[in-house]
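What follows is a structure written as structure tokens; I'll ask about it next.
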Number of protein chains: 2
Amino acid sequence: MTGNTNTIGRPRAFDVDKALQKALEVFWEKGYEGTSLPDLTEAMGINKPSLYAAFGNKEQLFLKAIELYENRPCGFFQPALLQPTAYLMAEHMLFGAAAASSDPNTPKGCLMVQGALTCSDNANSVKQMLIEKRRGGELQVQQRLERAQAEGDLAADVDCAALACFIGVQLHGMSIQAASGTSSERLHQVAAIALQAFKNAT
Amino acid sequence: MTGNTNTIGRPRAFDVDKALQKALEVFWEKGYEGTSLPDLTEAMGINKPSLYAAFGNKEQLFLKAIELYENRPCGFFQPALLQPTAYLMAEHMLFGAAAASSDPNTPKGCLMVQGALTCSDNANSVKQMLIEKRRGGELQVQQRLERAQAEGDLAADVDCAALACFIGVQLHGMSIQAASGTSSERLHQVAAIALQAFKNAT
DNA sequence: GGTATTTTGTACTGGTCGGTAAATATATAG
DNA sequence: CTATATATTTACCGACCAGTACAAAATACC
């Protein structure tokens, strides 16, 4: 779908994956509604009909950008869930988020948060999608904690939902701070405080 | 400026303060750019020329809404700073934010965060203003902690800037969670975990 | 009453939004 | 070569954006 597999007809003059990468950066920086089509076409180096032919429309392009975001900049998330203990999971989550939110090579903050935190009525479906993505991530953390509980890695009286929400607060809160210009070092300090809190809460 | 002090001419048919309150709610819900002038005029019960005559323009109206927000929904902030100890300050901050972000009588989340977290180039001044407001709040927390240090209320080796940033992360993170639908009860649980972390970090 | 002053309602402006029609350009297939 | 298929370019579409001109309406002052 994204690759240029056609052998017939005029070939594409741009790299679809590179263009998507550029679109991701713009959406990340300006949000879904703050990004205009000229913003996108300029960054991607293509014109509007090419964009529509390759990606559908603005919303579908955003969905593809989110997908890419989950695999690359937010790529610390799934591996963190696979860590052998709840503590190591929390550690990888917190420090991974601190690093990703303040990565000097990408826009600051988290696309899942700032992509469409608020919006006009037109973009409510996008906003809702991001809400569900965030809640889905938190649920995965909760389920990982519950698994740790079943494995005896975590005390039985720990409230896994509350603890997962606490971790979510750290991830989202750090992304806001990063978007406000907080340094990577400071975020790592905060992650360390939060990790200590996690340890004490278990 | 906001009151109808004129004695001459046709009197205003609406209450400026009530209209501002309505504008605040819309901005809070949809963000600065997500809010259109029809959104505003409909909620405020007035038409555009009345809005412009009373408030200047959209950006100035937003500034007035922010001012109102700081005094009312975000009114827990300054009193928290006045608490006699750093711990009590943190307690009031965390639980005040948990309550305000999930208040059933207002939009969810924090206007300072979701008013313009990302935006188009046109609204960069608004986004920047909110960034500075957030950083200003964090600085006030930091200075309050430094005062506590000077008073012997807080150990000398505590990193006040890091701790203030940690509190900022909680406030902003909880507001994201609230905007995602997290319940007031859950946020209070998280605030309790964070308060414990604050205690252990001091 | 009449006049000055302010607000109101309506209609409009130029500009930008997301999205597309139509023509041209570049490739393969025969 | 011709025919077909796809991509690119340019120009355009209706809708909406923030903001305003203008005239009618409602008050106070005289």
Side-chain angles (χ1 to χ4, degrees), chain A residues 1-20 23 26-27 30-65 115-116 118-127, chain B residues 1-20 23 26-27 30-65 116 118-126:
Chain A
M1 192 75 181
T2 52
N4 186 1
T5 56
N6 296 321
T7 174
I8 199 169
R10 178 171 174 172
R12 256 196 199 109
F14 64 97
D15 182 318
V16 175
D17 294 329
K18 281 191 167 71
L20 178 58
V26 182
F27 279 133
K30 300 187 175 182
Y32 176 69
E33 283 197 311
T35 300
S36 70
L37 281 175
D39 287 337
L40 289 168
T41 54
E42 189 187 355
M44 299 165 87
I46 61 179
N47 44 34
K48 280 193 277 186
S50 296
L51 189 156
Y52 278 80
F55 300 103
N57 63 12
K58 188 186 178 186
E59 181 167 350
Q60 289 168 34
L61 174 58
F62 184 75
L63 295 181
K64 291 193 171 71
T118 55
C119 62
S120 77
D121 296 337
N122 296 327
N124 255 324
S125 62
V126 173
K127 169 178 151 188
Chain B
M1 194 75 182
T2 52
N4 186 0
T5 56
N6 297 322
T7 173
I8 198 169
R10 178 170 175 173
R12 256 198 198 105
F14 66 97
D15 183 317
V16 175
D17 294 329
K18 281 193 168 68
L20 179 57
V26 182
F27 280 132
K30 300 186 177 185
Y32 176 68
E33 284 197 311
T35 300
S36 70
L37 281 174
D39 287 337
L40 289 167
T41 54
E42 189 188 354
M44 299 164 87
I46 64 180
N47 43 34
K48 280 193 276 187
S50 297
L51 187 156
Y52 278 82
F55 300 102
N57 62 14
K58 189 187 178 184
E59 181 166 350
Q60 290 168 34
L61 174 59
F62 184 75
L63 294 181
K64 292 192 170 71
T118 55
C119 61
S120 77
D121 296 337
N122 297 327
N124 255 324
S125 62
V126 173

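Since this is a predicted model, take the numbers as computed values, not measurements.
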*How far apart are the closest heavy atoms of A:Asp39 and A:Gly34, and which atoms are they?*
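Minimum heavy-atom contact is OD2-O, 3.7 Å.
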
*Rounded distance in Å - CZ (A:Phe55) to P (D:dT8)*: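 Distance check: A:Phe55 CZ to D:dT8 P gives 11 Å.
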
*Would you mind telling me which of C:dG19, D:dG19, D:dA18 lies closest to the side-chain atoms of B:Pro38?*
D:dA18

*Is the shortest side-chain N/O distance from B:Ser50 to OP1 or OP2 of C:dT7 below 4.0 Å?*
no

*Mind calculating the distance between OH (A:Tyr52) and C1' (C:dT20) to the nearest angstrom?*
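Nearest whole value for this atom pair: 9 Å.
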
*Whole angstrom value for the distance that separates C1' of D:dT20 from CG of B:Leu37*: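 That distance rounds to 12 Å.
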
_Spacing of A:Tyr32 atom OH relative to C:dC17 atom P, expressed in whole Å_ = 14 Å

*Among C:dG18, D:dT8, D:dG19, which nucleotide sits nearest the side chain of A:Phe14?*
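It is D:dT8.
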
*Between B:Asn47 and A:Gly56, just flag the one whose closest nucleotide in DNA chain C comes earlier from the 5' side.*
B:Asn47

_Per-nucleotide protein contact string for nucleotides 21-30 of chain D, where B marks a base within reach and S marks sugar-phosphate only (heavy atoms under 4.0 Å, - for neither)_ = B---BBBSS-

*How many angstroms lie between atom CG of B:Leu63 and atom CZ of B:Phe27, to the nearest 0.5 angstrom?*
9.0 Å

*Heavy-atom pair with the smallest gap, counting every atom of A:Ala65 and A:Leu20*: N-CD1, 3.8 Å

*How about A:Tyr32 and B:Thr118: do any of their side-chain heavy atoms sit closer than 4.5 Å?*
no

*Donor-acceptor pair, side chain of B:Glu33 and main chain of A:Glu33, under 3.5 angstrom*: no

Taking distance alone, no hydrogens or angles, what donor-acceptor pairs closer than 3.5 Å link side-chain atoms of residues 42-49 of chain B to residues at least two apart or in another chain?
| unit_1 | atom_1 | unit_2 | atom_2 | d |
| --- | --- | --- | --- | --- |
| B:Asn47 | OD1 | B:Ser50 | OG | 2.9 |

*All pairs passing side-chain hydrogen bond (donor to acceptor under 3.5 Å, both in side chains) where residues 51-60 of chain A contributes a residue, at least two apart*: A:Glu59-A:Ser125

*Looking across every strand, which nucleic acid part, if any, lies under 4.0 Å from B:Thr35 by heavy atom: base, sugar-phosphate, or nothing?*
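Sugar-phosphate, backbone atoms only, no base.
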
_Distance, rounded to the nearest Å, where B:Asn122 contributes CG and C:dT16 contributes P_ = 8 Å

*Whole angstrom is fine here: how far is it from CD1 in A:Ile46 over to P in D:dT6?*
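Value for this atom pair: 18 Å.
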
*CZ of A:Arg12 versus C1' of D:dT6: gap in Å, rounded?*
9 Å

_So, under a plain 3.5 Å distance rule, would you say the side chain of B:Lys48 forms a donor-acceptor pair with the base of D:dG19?_
yes

_Atom-pair distance (CD on B:Glu42; P on C:dG9), nearest Å_ =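 It works out to 15 Å between those atoms.
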
